[in-house]
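This report refers to the structure that appears directly beneath it.
Convention: sequence-line order gives letters A, B, ...; per-chain numbering from 1.
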Amino acid sequence: MTARVVTVTDNLTVHRLRFLLLVLSCIILMSCDADRANNDNPAIAGQHSFAGETITVVIGLDASAGGTTVGRLLAKHLELNLAGNPTVIVNNMPGASGLNAHLHVLLRAPKDGTTVYYGPRSSLGELLELPGFSFKYSQFTPLGGVQIGGLVVYSRTDAVTGGVAGPEDIVAAEALRFGGMPPEHGRMIISTMGLDLIGANYRYIAGYPSSGNIRAAMISGEVNTATDAAHAYLNQVVPVLVDEDKALPIFSMPMLDSNGGLIQNRLVPDVPSLPDLYERLHGEAPSGIVWDSITTLLELDQTMQHVFLGPPDMNPAATDTFRAGLEKAMASAAFREEAQQVLSYVPEAVGHARQAEILGATRRVTPAVLEYIKAHIEKNGRY
Amino acid sequence: MFEALIEGLGLIFQWHVLAYFGLGCAIGILMGAVPGMGGAIGLVLLLPFTFSMEPVAAFALLLSSWASTSTSGAITSVLLGVPSTAASQATVLDGYPMAKRGEAARALGASFTSSAIGGVCGAAALGISLPLILPVILAFESPEQFMLGLLALAMVGSLSGQSVVKGVAAAMFGLLLATIGLPESQAIPRYTFGTLYLLDKLPLIPVLLGIFAIPEIMELALKDVSIARTGKTGDSRKGLLEGVRDAFKHWWLVVRCSVIGAYIGMLPGLGASIVGWVTYAHAKQSVKDNSQFGHGDVRGLLAPEAANNALRGGALIPTLTLGIPGSVGTAILMGALIMHGLRPGPGMLSAELPMTFSFVWMIAIASVAATLVLLKTVNQVAKVALLPGHLVVPGVLLFVFMGAWLGGASIGAWLSCAAFGVIGFFMKRGGWPRPPVILALVLGEILERSFQISTRIHEGPGWLGRPIVILLLLVIITTIFLAVRGVAREKLAGKVPVGEASEKNPAISLPCSILLFGVFAWAGYTALEWPQPVRQFPLLITVSGALLSLVVVIRDLLHLVATRNAAGTWTATLQRASKDAWLAEAMPFFAYMFGMIVLTLLVGQKFALPLFIGVYLVRWGHYSKRVALAYAISAWAILVLFYDQVMNLLFHPSYLALWLRPTLPAAVPDWLFF
């Protein structure tokens, strides 16, 4: 009886071991083949067409995010403008603030251009080595960028005793309450640096999770100074606060043109740009470490907020075709018309060469500027 | 204003608008009934189709879909004990016990009718107070939000179980879960174990589905019973009519809860999470005999369902008039407003007043329309309660896991869903209430944020002296006092507890409380090394959580010793405890579940899920291979046609997909398999 039990047990053990070995072999084989598939790089030169293909645009944002609407619109026009008129579908992968989507394209996407990343970039995260940044943007294949719009810093008119009549009055405030997101947020850093530059006194109230929450706090008067993207400012701040004489713009952040020169934000031509306001207040052009940090951040973080990225070593022919299709799509009258209707502004294209230059900006940050940025974050994060 | 009200109604009564309205209702009903979907996902799907539509038609489509989801959300809450969203948790407390005792049709009839009344009353309350309401909304700044969140936690902690200490300790566990990831104050990750998945906070839906759905599904599988444990639902037509009558019989309660729902819904961020609990507590405290609450009292169902629908209209008000969206759904709606050239702001109450009223009308009418459609289907839907458990389990698991997947398309979602399934199972078996965990997870971020913002703005605790804060603090103290008194009275009266957290199994509860104490101790120790704004909230939670769980440990120990004395030996005590908790049967179920996840890593969901279903039905359910095959093919079709082609989900890139995809002939679409 005992012997029989032992035999059965042994047989079971052998079967289990065999099964385990089989499963392990399968996994190893699949992994090897998967790696081989990933490393395939046919590099077909010349004409390339996406005819009959399905391109997946992986968006590193929640499906409800405004950026997803931009991505969906671009996907629709890519379908019309990419050679071969492929089907373009959008998949949202918002996890870890979009880092999952970055890593999905970096590590798992096929090299044929049928899976690309679209969404925000965080070169600042790369520079500051924030948690989760295990990659560099230079590892991706740049396919083109999208300029969403610059920033406007605005204040409640009751922020200063006696009222704020114009941007110049803001420097008289004893302590503005600036409603902010985590102090490492690029938009918050550059906007509060702008306030530092003009000499405004403020307390940074960290902890608001989104611009929407900050707008709500501005409306109730919980905070009295904030920053917002220009299009959001026009659509959501002006009707509720500015038109009601409860707030007014202080300055707009300048933008960079294709050569890296400073230009006024076209969406808010009437709002003084930061350097203009500084000149009005101090009679000279801005300079020094604060201004150097601002100009560094303009390129590093505030130009080309959204990007299309392909996997490393993407098929060169597919890369060229994608880049050409994206440029054509964003220049098309149909896209511009629909963007104006759907988004109430037209995102501007950033060519892939300029995109690569911007993505490489982290390498050009001077140690002094880096130290200043870190110290500024620490100051805003004090509790 | 009256003219604008009528003009607003007139805008809806155009043929094409009505057609879009009907379509939106149908989509909303579907979205609400599928676990993990909810109103926001419906809006995301529909939004692109509205780009080229005129505004009234576009909003007819969007708002009718959005409003209908909260009506049909009751289906899973009542039939499966699975809240489709955090807002409908309170519905489960009395809805599911009703379904279990064979009153599914009555529960659904009551819940749908209450939803319709809620939608209409909520809209009416808004219409009347629209021009006066803005100052009230603006009075709720961060200090008031903090206290309101605390009030909701106190309510859920004390109302959803038989032990206030366990309830509050469970809430502390939920708050601790809410601290996972990057805080709003500084980019220092908390309790992420180096994983990317946890960096962005623990997503709600996988936890919600895991902690509620899996233990309930397991019960069907382990005991092989139908949802209606009696095996009969009675005359569903009669039950349905009784449910409708219930709603009208308790019309004053329904109206009160609708008005409360509409006004709480206006508070951005908090409204949707707490409204069910606030109205449930109101119902329990305001009725004469509340002894059946939590055991299947229809009034416990009417209150949150009325409020859930009324809050939709309320939530729209700050979105339209102040440009403050309080939730993902309202944020999408605000995007749609801008897209159609409407600028949210005071202008919506002057120049665009007819349009604003048309939106309020749409929500009210959609609630009624969805109810009429759903009432027609109750007879069929209620039959699900009679299906053999083994036929229900695989289908529900498919929707539960795909619902969890929807949020982030990451295998981490499945792992957390399964892990919280295990946690939920032990909580249920050990008599720990589960709703406080979920509500605390939802509110944790808001509480931490509003506490820190209040402290920063007032440079200290000065905000505690604000009038509304003091008022809310008094309500919190009263709530806890009433709850403790209620539990003590029930114990003195010797009532046998039933419903959520009613199981008494100290041998299961004790390891849970010891583990919880260990988790709090470890989490508190870990938090010590973080800077002050990052560690402040975790420390507050862990210290109070550790103390509470220690109290539970002592109580469980005393209970266990008493049980051992009654049983005679430790062996007999533990054997009995294991048998009562169905532990031996539960382990293979967990193995099946985790096996399916491992299989997904290898071959992807489109193979793993149908395979799991087939194997489950043959091996566990003892169904024929033909039935199993048909079920598995249906599941595969749902994955491919609905989740892939309609929802455009990104499926897990399995090893098999990476290996086989390049070799597939061009004529074979790879989305059929990967």
Side-chain angles (χ1 to χ4, degrees), chain A residues 26-27 30-31 33-34 37-38 40 52 54 56 58 62-64 66 69 72 89-97 99-100 103-104 108 110 130-132 177 181-184 203 205-209 212-213 215-217 219-220 222-223 235-236 239-240 243-244 338 341-344 381 383, chain B residues 40-41 43-44 47-48 51 138 141-142 182-189 192 196-197 199-200 268-269 318 322-325 328 331-332 334-335 338-339 343-347 407-410 412 445 449 452-453 456-457 531-533 536 602 648-650 653 655-656 658-659 661-662 666 671:
Chain A
C26 285
I27 293 173
M30 284 174 188
S31 309
D33 267 3
N38 267 345
D40 275 352
T54 296
T56 304
V58 181
D62 193 78
S64 63
T69 311
R72 283 185 186 277
I89 59 167
V90 164
N91 282 149
N92 291 87
M93 202 186 248
S97 304
L99 290 177
N100 277 341
L103 290 173
H104 179 82
R108 298 189 190 123
L130 292 180
R177 295 188 303 275
M181 289 193 249
E184 294 85 357
R203 268 194 300 130
I205 311 294
Y208 292 98
N213 291 73
R215 279 194 290 274
I219 293 168
S220 72
E222 186 170 80
V223 294
N235 286 317
Q236 289 162 57
V240 180
D243 287 351
E244 302 288 309
E338 196 169 357
Q341 187 218 325
V342 170
L343 308 170
S344 73
Y383 188 51
Chain B
I41 291 180
L43 290 177
V44 167
L47 191 64
F51 287 176
L138 294 177
E141 294 184 4
S142 293
L182 288 174
E184 302 296 345
S185 54
Q186 224 167 320
I188 294 177
T192 59
L196 267 184
Y197 176 70
L199 202 61
D200 208 17
L322 297 170
I324 305 173
V328 175
I332 298 169
M334 195 168 81
I338 295 166
M339 207 176 278
R343 296 210 299 180
S410 159
E445 191 186 334
R449 178 209 313 158
Q452 293 201 337
I453 289 173
R456 279 179 201 266
I457 286 176
Q532 199 202 357
Q536 184 184 47
L602 298 174
N648 265 337
L649 270 193
L650 197 66
Y655 287 114
L656 185 67
L658 293 172
W659 174 60
R661 190 177 263 147
W671 50 263

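Here CD of E184(B) is found 12.0 Å from OH of Y208(A). Values are rounded to the nearest 0.5 Å. Atom CD of residue E222(A) and atom CD1 of residue I457(B) lie 4.0 Å apart, to the nearest 0.5 angstrom. Within the model, atoms CG of L196(B) and CG of N100(A) stand 5.0 Å from one another, a figure rounded to the nearest 0.5 Å.
With L650(B) as the fixed residue, the side-chain contact (heavy atoms from CB on, under 4.5 Å) test singles out one of T56(A), N92(A), I89(A): T56(A).
E184(A) contributes a side-chain N or O that, together with a main-chain N or O of A187(B), makes up a donor-acceptor pair within less than 3.5 Å. With hydrogens and angles disregarded, no donor-acceptor distance shorter than 3.5 Å links the side chain of R108(A) to the backbone of L658(B).
Using a 4.5 Å cut-off between heavy atoms, L649(B) touches chain A through its backbone atoms (N, CA, C, O) alone. Looking at L130(A), only its side chain comes within 4.5 Å of chain B, counting heavy atoms on both sides. Contact of L182(B) with chain A is made through the side chain alone, with heavy-atom distances under 4.5 Å.
Counting heavy-atom pairs closer than 4.5 Å to chain B, the top-ranked of the candidates Q341(A), E338(A), R215(A) is Q341(A). The candidate with the highest count of non-hydrogen atom pairs below 4.5 Å against chain A, out of S142(B), G412(B), P183(B), P531(B), is S142(B).
Pairing each heavy atom of R203(A) with each of R456(B), the nearest pair is NH1-O, 2.6 Å. Nearest approach of P183(A) to S185(B), heavy atoms of both residues: CD-O, 3.0 Å.
Side-chain contact between L47(B) and R72(A) is absent, with no heavy atoms from C-beta onward closer than 4.5 Å.
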